[in-house]
Amino acid sequence: MTAIADLFRAPVVVEAAALSLADDDLHPEERAFVQAAVPKRRAEFSTARILARKALAALGGPQVSLVPAPDRSPVWPPGYTGSISHCADYCAVVVARTRDVSSLGLDVEDLRELDPAMQALVLTPGERQWISVQPEMRRRMLPILIFSAKEAYYKCQYPITRGFLDFQDVALAIDWEAGTFAARVLKAGWTAPVACLPGRFRIDDHRVSCGVELTRG
Ligand SMILES: CC(C)(COP(=O)(O)OP(=O)(O)OC[C@H]1O[C@@H](n2cnc3c(N)ncnc32)[C@H](O)[C@@H]1OP(=O)(O)O)[C@@H](O)C(=O)NCCC(=O)NCCS
């Protein structure tokens with residue numbers, strides 16, 4: 001949790017846990033929303049809601065239902081913002097007050113090699129070129145890092161722009177030693193400050209985690 005909190009400069013609360021099926025802990029509206037889903041999805045959804053309410057409580061926030069918007073984006077109570085990510089057996093949630101930060105994006109991925117078809121989808125020609133000149137040992141994990149960083153960027157920008165972006169619309173510049181990156185939109189129509197946001201990443205033996213934040217202007 002501390003490692004994920006370190007991805008952000010704003011005062012945030014992070015809660016993380018293994019996935020568990022916890023339908024009974026959902027609010028009725030949430031249970032209705034997810035009841036037809038497969039058990040894996042219900043576990044993701046319920047774990048995320050339990051963690052998000054814990055984080056909201058730590059910030060003095062209300063214990064509200066957290067039913068997603070029709071476009072699947074999370075809906076936070078007024079005065080709060082956050083981001084949710086789940087991977088194979090793990091879920092992490094970050095929440096903050098909107099008086100401290102405008103938007104947050106969190107993505108956690110199991111550390112793995114991204115398959116060639118996904119690499120073709122995710123990596124821009126510039127990113128492929130950059131990867132090809134990186135030290136051999138780190139090259140295999142860079143595609144999943146770039147994937148995760150773009151997902152974190154997307155989740156941070158979406159509540160502000162409500163705009164869709166393809167992987168090829170976003171270019172990543174990574175500073176490996178610093179554990180930071182900048183995500184820059186290549187597509188027309190995205191303006192400052194959202195068009196280029198800084199992020200941080202951490203890689204451990206199991207997962208890569210990326211955080212992006214839009215600070216208050
Ligand atoms: C949202 C998205 C980025 C990641 O979702 P995912 O692959 O299911 O991965 P994660 O488990 O890490 O994240 C799921 C959480 O993302 C959040 N989310 C979904 N849509 C979102 C959006 N538009 N904006 C912000 N957060 C969103 C939800 O809280 C969700 O958790 P929940 O279903 O329990 O509420 C992806 O599904 C998506 O919509 N992609 C389309 C755009 C894209 O990927 N472009 C390339 C990157 S630039």
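Both ligands and their constituent atoms are indexed starting at 1 by order of listing.
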Listed partners of Glu44 passing salt bridge (Lys or Arg N to Asp or Glu O under 4.0 Å), at least two apart: Lys40, Arg41
Given the side-chain rings of Phe201 and Trp176, with only the six-membered ring counted for Trp, is the space between their centroids under 6.0 Å? yes
With hydrogens left out, which residues have an atom under 4.0 Å from ligand 1, given that only heavy atoms count? Arg41, Arg49, Arg72, Ser73, Pro74, Ile84, Ser85, His86, Asp107, Lys150, Glu151, Tyr154, Lys155, Tyr158, Phe164, Leu165, Asp166, Phe167, Val170
Test log, rule side-chain hydrogen bond (donor to acceptor under 3.5 Å, both in side chains), inputs Glu30 and Ser65: CA-CA 7 Å; Glu30 296 170 335; Ser65 281; 4.5 Å; no
side-chain hydrogen bond (donor to acceptor under 3.5 Å, both in side chains) contacts touching residues 178-187 (sequence neighbours left out): none
Any ion pair linking Asp6 and Arg200 (charged N to carboxylate O, less than 4.0 Å)? no
Set of side chain to side chain contact (heavy atoms under 4.5 Å, CB included) partners for Pro62, sequence neighbours left out: Val64, Pro77, Tyr80
